[in-house]
Amino acid sequence: MQYNHREIEKKWQKYWADHHTFRAKDDFDKPKYYVLDMFPYPSGAGLHVGHPLGYIASDIYARYKRHKGFNVLHPQGYDSFGLPAEQYAIQTGQHPAKTTEANIKTYRRQLDQIGFSFDWSREVRTSNPEYYKWTQWIFIQLFNSWYNKDMDKAEAIDTLIQKFETNGTQGVNAACDDEVIDFSADDWNSFSAEKQQEILLQYRLTFLSDTEVNWCPALGTVLANDEIVNGVSERGGHPVVRKKMTQWSMRISAYAQRLLDGLNTIDWPQPLKDSQTNWIGRSQGAMVSFQVDGHEGEKIDVFTTRPDTIFGVSFMTLAPEHELVPKITTANQKATVEAYVEATAKRSERDRMADVKTISGAFTGAYAIHPFTGDKVEIWIGDYVLASYGTGAVMAVPCGDQRDYDFANHFGIAIPNIFEGADISEEAFADKEKTIITNSDFLNGLSYKKAMKRVIYELEERGIGYGKINYRLRDAVFSRQRYWGEPFPVYYKNGLPQMINAVHLPIELPEVEKYLPTEDGRPPLGNADVWAWNVETNKVVSNNLIDHKTVFPLELNTMPGWAGSSQYFNRYMDPRNSEEIFGKDKIDYWKQVDLYIGGSEHATGHLLYARFWQKFMFDRGFVPVDEFAKKLINQGMILGTSAFVCRLEGENTILSAGKIEGQKVQPIHADVSLVNASDELDIEGFKQWRPEFENAEFITEDDGTFKVSREVEKMSKSKYNVVNPDDICDEYGADALRLFEMFLGPLEQSKPWKTSGISGVYSFLKKLWKLFYSGDELAISDGEPTKDELKTLHKTIKKVEEDIENFSFNTSVSTFMIAVNELTAQKCNKREILEPLLVLISPYAPHIAEELWSTLGHNESISTVAFPVFEQKHLVESTKNYPISFNGK
RNA sequence: GCAGAAGUGGUGGAAUUGGUAGACACGCUGGACUUAAAAUCCAGUGGACAGUAAUGUCCGUGCGGGUUCAAGUCCCGCCUUCUGUACCA
């Protein structure tokens, strides 16, 4: 019998589906293991061979854990709300639900043919109302919570109301808006219900506020900071401008410190932790107030990480957008300042970033009073100070900060030196360790550390400042002006948001005529005719009925992409529960993801928000652990190996790779499917594919072949180097694809794909098959294995087990090859050797393992057969060559 | 600029703890089978030099130093590539 991958792979995929082989059981006595892939967005383009890399790795691990006796949860689903489907809807008028459904079908077919052991009975889709019901539910929980800094956790809003009722704001230590007012218990109790709601909104973990947002006119929506790359939208590369809008926000900043601390408790890659640490951006320093000379009551607050250098302040710089700028600018300087402010406003964010070197600014004519010396210091504006960070103002210490130094130099401002023994003639001195302060009154002679302590003490003593820890992390804007996302369970009464009672969820996305914003600039849901809430019937009703008494308008924004992906890992534990987001017994058993595999591009988006929601859910007692994923691995990218033909410049002559030396040529991408394993181009195929070269002259190598030159690039359609897993599965089979993807190299590294290499693993599978068959006959012996055969088996068990535990899947594939090569040489056909070998191989190449396992007479799937146990005694040698070394050789 | 990762044959990579560098594959070369090709199988394959040959000698893990009986691996200094991030006060 011949190895026929097409037949056996189909057969076993059907068997697994029919027998629900990979269904995770809620068998609470068994040890559990939860393996999860990052939520895929089902794009219209389908999968290329780079996408399944992580899925294959996680699948191997999941199957391995089943062999090891674990109850394995290995689910899959779709992050099915998102921009591309909506953009497509805008262009074609097709409902995004329809295209999403079609894309999911393609995705599912592609995933199925690779033989993954997913428990599809638990599939979730974020765009499914049964699922987003719980996304809306969590939103309501966030709305009904505040952050108690004294307890360092989120609490129900009721506990805050109690505090207000008994003591007012006295003793309340909460994460809240900046401009909250203080009041007594009596005040509170005399406030109108509306006023009380307005105040509470300033404390809730999700809240409405007028925020400066990143507005993308081309996409017609706001974008989160992590959705903007180099000042343009990540998707589409459209320009982004700042704009003030009323938006829902999430008070993630309340969790900044805990998000930072939690990183120490989880086994995630260091680069990923570093980028989260960076994004949170903790810095320790002090707030200092500077009075403005001649403007009674006006002060400039600055945050500084170097309060020890305060005696080196020789000017102040405000961001051009700073609110004080128009107030304090003198008549003399007005024209200059206004011109500068206007010029910076015009410069796009992108220009500002691209052009870091140019120093610009303007003097306001006003002066601030140095809080210690009482000296007058000039107040400047400059665009190197960002309005969005800190207070939008800095105390400039040119001798200790390079940007201040450059600014001072450029405008001829004095640079007083406050560092003992430091040379500041060329550049600023910023070495904290070597700092000794001088020319600084009470700080003279102190080191950085001592001076910090002392100056903060003085600032607090004199009431002009205080020590502070600042975070770069901003509260996350949670509203999107989009159609294809979760609707908010919110209606408006007198302009104040009201939560719909959770028992009436889900609030389903309404039908609209058009998916674009309305003509008067409201979000797409503004096009819906039936989008109002009746508080008596608790139903969504026609807009015509809005009377602001029993029928109210519903929220027009929808939630952002990360809403649905921030708790999906918990929902998988109990995905069909319609009473609760998940049962307590289920979450207590499955607890958290044990192994999470996905790309590093989610470092500061999904992975930060999901950790935030998990901590919130933990605080409120819904989940038992405050980190959702114990271990995380970032799989590397699979790159394409592009093929080029070279055309002689200005002529219609195309040269083979060996003929281009010394010639002026232009490289042209050739489709990789037209190139064979020896880099030879199918010239006729190429001519058909690019008819403009039909009459071109092809200069071949001396042996008559035409060779392309190759280069490793990102896999993309435009580079014609995309390889489709469908083709690979058809020609070589899923087992070969799985083995080859692992064989390419270490999981976490990026590596180039070259289809020619797959013949190696394919012939390995054929050799494995041949161990069982002699000609057409199954030839298996029940005889005693020899010493050598046992040695081969046991060293393979040892190595493969170590490899899987270390996620070193590439090396176990070579180990299999060595084992099969050795057993072939030994002419081994012993059941006692081949059966355990099949179990070893089955996580990697499950179809062939199942097929051979059943031909050995087993009626049950191999998937839960115990993993073979390594025995040291088989590796002991009877004779051994000892290498002897002289001088290390 | 900052942070992280990586530099090993023609190519992907292996060497998990400092102990025979290049496992396993791809490709290439030669051979068998075939009218021929594909497929399959067998042998060889880091470089240089010497020898008819078996074989031997030397050089070799980005570069320059160092530690050690012994370094791809450890230490110091540089170079290059990739990835992330950036006027963050």
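Sequence lines set the chain letters: A, B, ... in the order given, protein chains first and strands last, and positions in each chain run from 1. Only a predicted model underlies this, so the values are computations on that prediction, with no experimental measurement involved.
- rC74(B) is paired with rG66(B) under the Watson-Crick or G-U wobble criterion, all donor-acceptor distances under 3.5 Å.
- Atom CD of Gln270(A) is separated from atom C1' of rG84(B) by 14 Å (rounded to the nearest Å).
- Between Asn470(A) and the phosphate of rC88(B), there is no side-chain N or O to OP1/OP2 separation shorter than 4.0 Å.
- Nucleotide rG84(B) holds its C1' atom 10 Å from the CG atom of Leu272(A), rounded to whole Å.
- Of the residues Phe363(A), Phe290(A), Tyr405(A), Phe407(A), the one that meets the ring pair (Phe, Tyr, Trp, His ring centres under 6.0 Å) test with Phe315(A) is Phe407(A).
- Closest of all the heavy-atom pairs between Leu263(A) and Lys273(A) is O-NZ, 2.9 Å.
- Note on Arg403(A): a side-chain N or O is less than 4.0 Å away from OP1 or OP2 of rC88(B).
- Side chain of Gln749(A), nearest nucleotide from rA25(B), rU40(B), rA6(B): rA6(B).
- One atom, NZ of Lys770(A), and another, P of rA39(B), lie 14 Å apart when rounded to the nearest Å.
- Rounding to whole angstrom units, NZ of residue Lys798(A) and C1' of rU16(B) are separated by 10 Å.
- Among the atoms of the strands shown, none is found under 4.0 Å from any heavy atom of Thr815(A).
- Distance noted for atom P between rG65(B) and rG13(B): 29 Å (whole Å).
- A salt bridge between Glu822(A) and Lys795(A) is present, with a side-chain N of the basic residue lying under 4.0 Å from a carboxylate O of the acidic one.
- Using a 4.0 Å heavy-atom distance criterion, Pro746(A) is classed as a sugar-phosphate-only contact.
- Proximity note for Phe743(A) (side chain, C-beta onward) versus rG4(B), rG12(B), rC87(B): the nearest is rG12(B).
- Rounded to whole Å, the distance from CD1 on Ile379(A) to P on rA89(B) is 22 Å.
- Mapped onto RNA chain B by nearest heavy atom, Lys799(A) and Gly390(A) fall at different nucleotides, with Lys799(A) at the one closer to the 5' end.
- Straight-line distance between the P atoms of rG22(B) and rG10(B): roughly 16 Å, to the nearest whole Å.
- Base pairing annotation: rU52(B) forms no Watson-Crick or G-U wobble pair, as no partner gives both donor-acceptor distances under 3.5 Å.
- Atom CG in Asn810(A) sits roughly 15 Å away from atom P in rA23(B) (whole-Å rounding).
- Of the C1' atoms belonging to rG18(B) and rA70(B), the separation is 8 Å, rounded to the nearest Å.
- The residue Asn278(A) sits apart from the nucleic acid: no heavy atom pair falls under 4.0 Å.
- At whole-Å resolution of the value, CD1 in Ile280(A) and P in rG84(B) are 20 Å apart.
- Listed nucleotides rU40(B), rC41(B), rU16(B) differ in distance to Asp803(A); the shortest reach to its side chain belongs to rU16(B).
- In terms of position along RNA chain B, the nucleotide closest to Phe740(A) lies nearer the 5' end than the nucleotide closest to the other residue of the pair Val394(A) and Phe740(A).
- When the side-chain nitrogen and oxygen atoms of Asn821(A) are compared with OP1 and OP2 of rA25(B), one or more of them lie within a distance under 4.0 Å.
- Using a 3.5 Å distance cut-off with no hydrogens or angles, the side chains of Ser283(A) and Asn470(A) do not pair a donor with an acceptor.
- Atom CZ of Arg472(A) is separated from atom C1' of rA86(B) by 8 Å (rounded to the nearest Å).
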For salt bridge (Lys or Arg N to Asp or Glu O under 4.0 Å), just list the numbers for Asp730(A) and Arg6(A), CA-CA rounded to whole Å, side-chain angles, deciding distance to a tenth of an Å, and then say yes or no.
-> CA-CA 7 Å; Asp730(A) 183 56; Arg6(A) 288 197 187 91; 3.1 Å; yes
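- Between Lys754(A) and the phosphate of rU11(B), there is no side-chain N or O to OP1/OP2 separation shorter than 4.0 Å.
- A donor-acceptor contact closer than 3.5 angstrom is absent between the side chains of Thr344(A) and Asp383(A).
- Counting only distance, with no hydrogens or angles, the side chain of Thr641(A) and the backbone of Trp753(A) share a donor-acceptor pair below 3.5 Å.
- When the C1' atom is compared between rG47(B) and rU83(B), the two are found 34 Å apart, to the nearest whole Å.
- The residue Glu601(A) sits apart from the nucleic acid: no heavy atom pair falls under 4.0 Å.
- For rG60(B), the O4'-C1' to base torsion is more than 90° from 0; the nucleotide is therefore anti.
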